[in-house]
Amino acid sequence: MNKDMNIKRMAVCAALAMVFGGAVAQNTGTTGTAATNRDTTANSTTAASSTRTGASGKVASADQKMMRDIAHANISEIAAGKLALEKSQSDDVKSFAQKMIDDHTKAQQELQTLADGKGVKLPTEPDAKHKAMAKMMSGLKGDAFDKRYLKQGGLNDHENTHKLLERVQAKAKDADLQAYAAKTITAVDQHLSLAEETAGKHGMGNPKGNMTGAATDNGTMNSRGAGGTMSGSSGSGGTGSSGTAR
């Protein structure tokens, strides 16, 4: 009798041991899986972060400089336009200045979004050359101011910016930057045409004759070469020497 009871007790103990042993094993397996999943997730997050950082770091230094040059052009154009709104007494000059502010603000916002996505830091104020020019122009009044603004911010700077954007399209390694330049250069050419028209209204003669360095077959000067592109000389390095953004 006692022997049978002992056998039954042993059987019950064995069964309980199997039940509890299985539960422990299951919990251990679940914990191990969860830990593995956490490690995998952490590694994936780190990899994604590294990829984003790597993408920013892969922008060629030459491309980064071109982005900063374009930004300087945009910012300088906006600043010159704001100065013109304050000082000019001419409705058509003010209209031109407002369009420069509106269009170049939009262009700069698009460039900033592009730069942010690639980890490139852009300037937030005009370059030293245009700061000095703005200071000089602040002392001008009336027609003298209008002509100086149209010559510099309207004609010269847009020509230089056109040359810069042409170079970006030809030499930039970043496809997004090339696309930005191709889109923006159209607006720059429109601004230049408007600047020529407005300058003509202010008795500046044929502004095209003073803008470019390329002569035609008969020795006269044109502001654009074949295909509607500009043939004028650019500023320093053809970069953001332009006073305005396009």
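Note that the numbering runs from 1 along the sequence shown for the chain. Keep in mind that the numbers below use all heavy atoms, side chains included, and drop hydrogens, waters and symmetry copies.
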Check [X] against [Y] and note the closest heavy-atom contact, atom names and distance.
X: Ala84; Y: Ala97; value: CB-CB, 3.7 Å
X: Ala195; Y: Gly154; value: CB-O, 3.3 Å
X: His72; Y: Pro123; value: NE2-CB, 3.5 Å
X: Ala181; Y: Gln169; value: CB-CG, 3.8 Å
X: Asp103; Y: His191; value: OD2-NE2, 2.7 Å
X: Ser138; Y: Lys87; value: O-NZ, 3.1 Å

Side chain of [X], backbone of [Y]: donor and acceptor closer than 3.5 Å?
X: Gln108; Y: Ile75; value: no
X: Asp92; Y: Thr198; value: no
X: Tyr180; Y: Ala107; value: yes

Any side-chain heavy atom of [X] within less than 4.5 Å of one from [Y]?
X: Glu159; Y: His162; answer: no
X: Leu177; Y: Lys118; answer: no
X: Ile78; Y: Met100; answer: no
X: Leu150; Y: Leu155; answer: no
X: Gln190; Y: Leu194; answer: no
X: Gln152; Y: His130; answer: yes
X: Thr161; Y: Thr184; answer: no
X: Leu83; Y: Phe145; answer: yes

From [X] [atom1] over to [Y] [atom2], what is the distance, rounded to the nearest 0.5 angstrom?
X: Ser88; Y: His202; atom1: OG; atom2: NE2; answer: 6.5 Å
X: Arg167; Y: Leu164; atom1: CZ; atom2: CG; answer: 5.0 Å
X: Asp146; Y: Phe96; atom1: CG; atom2: CZ; answer: 11.5 Å
X: Asp91; Y: Lys201; atom1: CG; atom2: NZ; answer: 10.5 Å
X: Arg148; Y: Met133; atom1: CZ; atom2: CE; answer: 5.5 Å

| task | Please step through side-chain contact (heavy atoms from CB on, under 4.5 Å) for the pair Glu110 and Lys183, ending with a clear verdict. | result | CA-CA 11 Å; Glu110 293 175 353; Lys183 174 184 177 181; 3.1 Å; yes
| query | Do Asp174 and Gln178 pass the side-chain hydrogen bond (donor to acceptor under 3.5 Å, both in side chains) test, and can you show the C-alpha distance, the side-chain angles, and the key distance before you say yes or no? | reply | CA-CA 6 Å; Asp174 187 277; Gln178 286 183 320; over 6 Å; no
| What residues, two or more places apart in sequence or in another chain, satisfy side chain to side chain contact (heavy atoms under 4.5 Å, CB included) together with Ala115? |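 Result, side chain to side chain contact (heavy atoms under 4.5 Å, CB included) vs Ala115: Met67, Val120, Leu122.
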| message | With salt bridge (charged side-chain N to carboxylate O under 4.0 Å, His left out) as the criterion, how do Lys65 and Asp69 come out once you've worked through the C-alpha distance, each side chain's angles and the decisive distance to 0.1 Å? | response | CA-CA 6 Å; Lys65 183 181 185 304; Asp69 288 342; 3.0 Å; yes
| Taking only residues two or more places apart in sequence, or in another chain, which ones meet Lys131 in a side-chain hydrogen bond (donor to acceptor under 3.5 Å, both in side chains)? | Glu125
| Quick one: side-chain hydrogen bond (donor to acceptor under 3.5 Å, both in side chains) partners of Glu86, sequence neighbours excluded? |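 Partners of Glu86 by the side-chain hydrogen bond (donor to acceptor under 3.5 Å, both in side chains) criterion come out as none, since no residue qualifies.
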| Lys94 atom NZ, over 12 foreign heavy atoms within 6.0 Å | yes
